[in-house]
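Per chain, numbering begins at 1; letters A, B, ... match sequence-line order. Since the model is a prediction, treat every value here as computed from it, not as a measurement.
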Amino acid sequence: MKREAEDDGGKVVHFIRQIINRDIENGKNAGRVITRFPPEPNGYLHIGHAKSICLNFGLAEEYGGRCHLRFDDTNPVKEEQEYIDSIIKDVRWLGFDWGEHLYFASDYFGQMYECALQLIRAGKAYVDGLSGEEIRRYRGTLTEAGVNSPYRDRPIDENLDLFERMKDGEFADGEMVLRAKIDMAHPNMNMRDPVMYRILHASHPRTGDAWCIYPMYDWAHGLEDSIEGITHSICTLEFEAHRPLYDWFLDALGVYHPQQIEFARLNLTYTIMSKRYLLQLVKDGVVAGWDDPRMPTLSGLRRRGYTPAAIRDFSERIGVAKRDSIVDIQLLEYCLREDLNKNSPRVMGVLDPLKVVITNYPEGHVEEFDAINNPEDELAGTRKVPFSREIYIERDDFMQDPPKKFYRLAPGREVRLRYAYYMTCTEVIKDEKSGEIIELRCTYDPESRGGYTQDGRKVRSTIHWVSVPHAVDATVRLYDSLLTIPDLAEADKKDYMAYINPDSLKTLSHCKVEPSLRDKLAGYRCQFERKGYFVMDSDSDPTAGVLVFNRTVELRDTWARIAQAGE
RNA sequence: UGGGGUGUCGUCCAACGGCAGGACACAUGACUCUGGAUCAUGGUAUCGGGGUUCGAAUCCCUGCACCCCAGCCA
């Protein structure tokens, strides 16, 4: 039975959908739904932004409306073209399209200026000559009312003159600001005569040196929404206390008035989501860059091998609400595996090779076995995998003294080599000095060709392998979470660096993978059977035989859990 | 301490006066040429105290906890 809180797509009718449904019923905005995703180009987009992107673009799609991609580029000292480019790339990669509707707040600087003039003429804005420090003092505190600036009642003509001279560059940074004249005793601090314009003699990535005054967020944002005819202006919770201001400016101007709706931003366990911290990780060289596969940035996730479909699915599953929350990263990984399981070709790769000589297999002989490319997808077909007398197997698929629950290879024990033969371990060869196992001697059963025998005897385990003479060398990077604790908000220390995982990256440089991987390109995603999902990294140079794989996510590993529980 | 918000399984989201449900996670079992996938089963929640009502997660009162706001950041 379909639940009331779900629509036909099985999606939860969260509070924003409810608002929109109600608006449509009431004929508000003539039933139109126009949303926007308004990033500030001061960093790379991360998984938290993905929630907002999916929400805004998704809602527009659902209701037959549209979503604008709008850069909120009102602060040239922090913003860069590099960020604009990356944001465009990332939103596209996620699978969304804004058609003609790419906008920049800076495109409206002229209109905003005119609107400011209108407020000044209406006696609702004034040029203040107080210093930054003085403005702060005059603002009061959470419990004490503020005090009016001595410049608050400047005559309109003087305000007009001063504001024009601000624009014309007659003053230095910080010398003057334009403020809205609201109420210095307002219990909401945001309403105590907020600054509308500040002087910034900085070059803007788009407008260059055309302006030296730049609008503040509160003044600019509602205006941008209004100009574009946005119906539902969706933002995060911290802007809730700014809504009265959003409304005040639009009402004071008497212009079209979109509705601001706030929802809780995404937090993920073991993940840093603060733009400031992420920037610091990049600048301090803790990670290799914004697209380091350990980063929660979209470019990092992409390089890690995440798929847009998995991220979109995740965004829907986490829901939308107003309470602060932290989503278990395992849900993201679940969505990822679900997509990858259906769509990733299987391949054999040995991460930590242990050489095996099959003593009763003819020397120099090679045969090929058919391997299924994807058991979840018949259309994916099969491929040939070469087999020979010497193979590599995974070092931890063998144990000298196995515990009861370990049923892989051990002395005297028989296992199945995937798609090939049954094989029994007959001898363990160790390094005389270190005692390290350096090679295994095994025998195979010729009757088990293809992985079955007539007698129907059972082998408990199937392991993967790669033929020694056919093996291709590869470097494999194993990633773990960047943080050692699930929630930074509950950290004891203020310094987040104390919680950075020193083992977030492990590089294995002597891995052996099957030859079919030789002709793949960077970005190629596959599953190394029994090991996890991997993607060929851009550091690879397949034509030169340099293969580098990033582990996207591990397979669910029941044995690892048993082994850990046994300790 | 002023203002604005939020409190439901371990986590996230539902239930909008009528049997607290789903997903992830966890546990157990079945199946399996990936200890993968799949399937089955199971446990765990309404912040506290009052009240209204036949009936309260939902309405009222009261208390408590947590988050946001004192940038010329967004």
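B/rU34 is unpaired under the criterion used here, namely a Watson-Crick or G-U wobble arrangement in which both key atom distances are under 3.5 Å. With a cut-off of 3.5 Å on both Watson-Crick or G-U wobble distances, the partner of B/rC66 is given as B/rG5. With a cut-off of 3.5 Å on both pairing distances, the Watson-Crick or G-U wobble partner of B/rG18 is B/rC54.
In this structure, A/Thr74 does not reach the B/rC73 phosphate: none of its side-chain N or O atoms is under 4.0 Å from OP1 or OP2. Between A/Arg198 and B/rA74 there is a side-chain N or O to OP1 or OP2 distance below 4.0 Å. The side chain of A/Gln18 contributes no N or O atom lying less than 4.0 Å from OP1 or OP2 of B/rA14. Within the 4.0 Å cut-off from OP1 or OP2 of B/rC72, not a single side-chain nitrogen or oxygen of A/Arg179 is found. For B/rG7, one of the phosphate oxygens OP1 or OP2 lies less than 4.0 angstrom from a side-chain nitrogen or oxygen of A/Arg323. Residue A/Arg561 places at least one side-chain N or O under 4.0 Å from the OP1 or OP2 atom of B/rC26.
Counting non-hydrogen atoms under 4.0 angstrom, A/Ser461 reaches nothing in the nucleic acid. In this structure, A/Arg317 reaches the sugar-phosphate backbone alone: every heavy-atom distance under 4.0 Å involves primed, P, OP1 or OP2 atoms, never a base. Nucleic acid contact class of A/Ile135 (heavy atoms, under 4.0 Å, all strands): base. Using a 4.0 Å heavy-atom cutoff across all strands shown, A/Arg416 reaches at least one base atom of the nucleic acid. At the heavy-atom level, A/Asn341 lies under 4.0 Å from base atoms of the strands shown. Residue contacts shown for A/Val77 are absent, as no nucleic acid heavy atom lies under 4.0 Å away. Heavy atoms of A/Leu130 sit under 4.0 angstrom from at least one base atom. Within 4.0 Å (heavy atoms only), A/Tyr217 reaches at least one base atom of the nucleic acid. Note on A/Thr462: a base of the nucleic acid sits closer than 4.0 angstrom, heavy atoms only. Among the heavy atoms of the strands, none lies under 4.0 Å from A/Pro39. Among the protein residues, A/Ser325 comes within range of the sugar-phosphate backbone only, with heavy atoms under 4.0 Å from sugar or phosphate atoms but none that close to a base. Using a 4.0 Å heavy-atom criterion, one finds that A/Pro41 contacts no nucleic acid atom at all. Residue-level contact check: A/His242 touches the bases, meaning some heavy atom is under 4.0 Å from a base atom. Among the heavy atoms of the strands lying under 4.0 Å from A/Lys405 is at least one base atom, whether or not backbone atoms are also near.
A stacked arrangement is assigned to A/Trp559 and the six-membered base ring of B/rG35, with a centre-to-centre distance below 5.5 Å and an interplanar angle below 30°.
Atom CZ in A/Arg70 sits roughly 13 Å away from atom P in B/rA74 (whole-Å rounding). One can place CZ of A/Arg137 at 14 Å from P of B/rC72, the figure rounded to the nearest angstrom. Distance CD1 (A/Ile318) to P (B/rA14): 11 Å, rounded to an integer number of Å. A/Leu555 has its CG atom 9 Å from the P atom of B/rG35, to the nearest Å. Atom-to-atom, CZ of A/Arg192 to P of B/rG3 comes out at 12 Å; the value is rounded to the nearest Å. As rounded to whole Å, 13 Å separates atom C1' of B/rG3 from atom CZ of A/Arg243.
Between the side chain of A/Glu376 and the base of B/rG36 there is at least one donor-acceptor pair of N/O atoms closer than 3.5 Å. For A/Arg408 against B/rG35, a side-chain-to-base donor-acceptor contact under 3.5 Å is present. No donor-acceptor contact under 3.5 Å links the side chain of A/Gln330 to the base of B/rU11.
Annotation: A/Tyr113 is in aromatic contact with A/Phe163 [ring centroid separation under 6.0 Å]. Annotation: A/Trp465 is not in aromatic contact with A/Tyr392 [ring centroid separation under 6.0 Å not met]. Ring pair A/Phe534/A/Phe549: centre-to-centre distance not below 6.0 Å. Aromatic pair A/Phe528/A/Tyr533: centroids not less than 6.0 angstrom apart.
Heavy-atom distances to RNA chain B give each of A/Glu338 and A/Arg530 a nearest nucleotide, and the one nearer the 5′ end belongs to A/Arg530.
Counted by atom type alone, A/Glu228 and A/Tyr108 present one or more donor-acceptor pairs between their side chains at under 3.5 Å. The closest side-chain donor-acceptor pair between A/Glu82 and A/Tyr44 falls under 3.5 angstrom. With 3.5 Å as the limit, one finds no donor-acceptor pair spanning the side chains of A/Thr236 and A/Arg265.
Checked against B/rA37, B/rG4, B/rU11, the side chain of A/Asp328 finds its nearest nucleotide in B/rU11.
B/rG50 shows a glycosidic angle more than 90° from 0 and is accordingly assigned anti.
Note: A/Phe239 and A/His242 have perpendicular aromatic rings, judged against thresholds of 30 and 60 degrees for the angle between ring planes.
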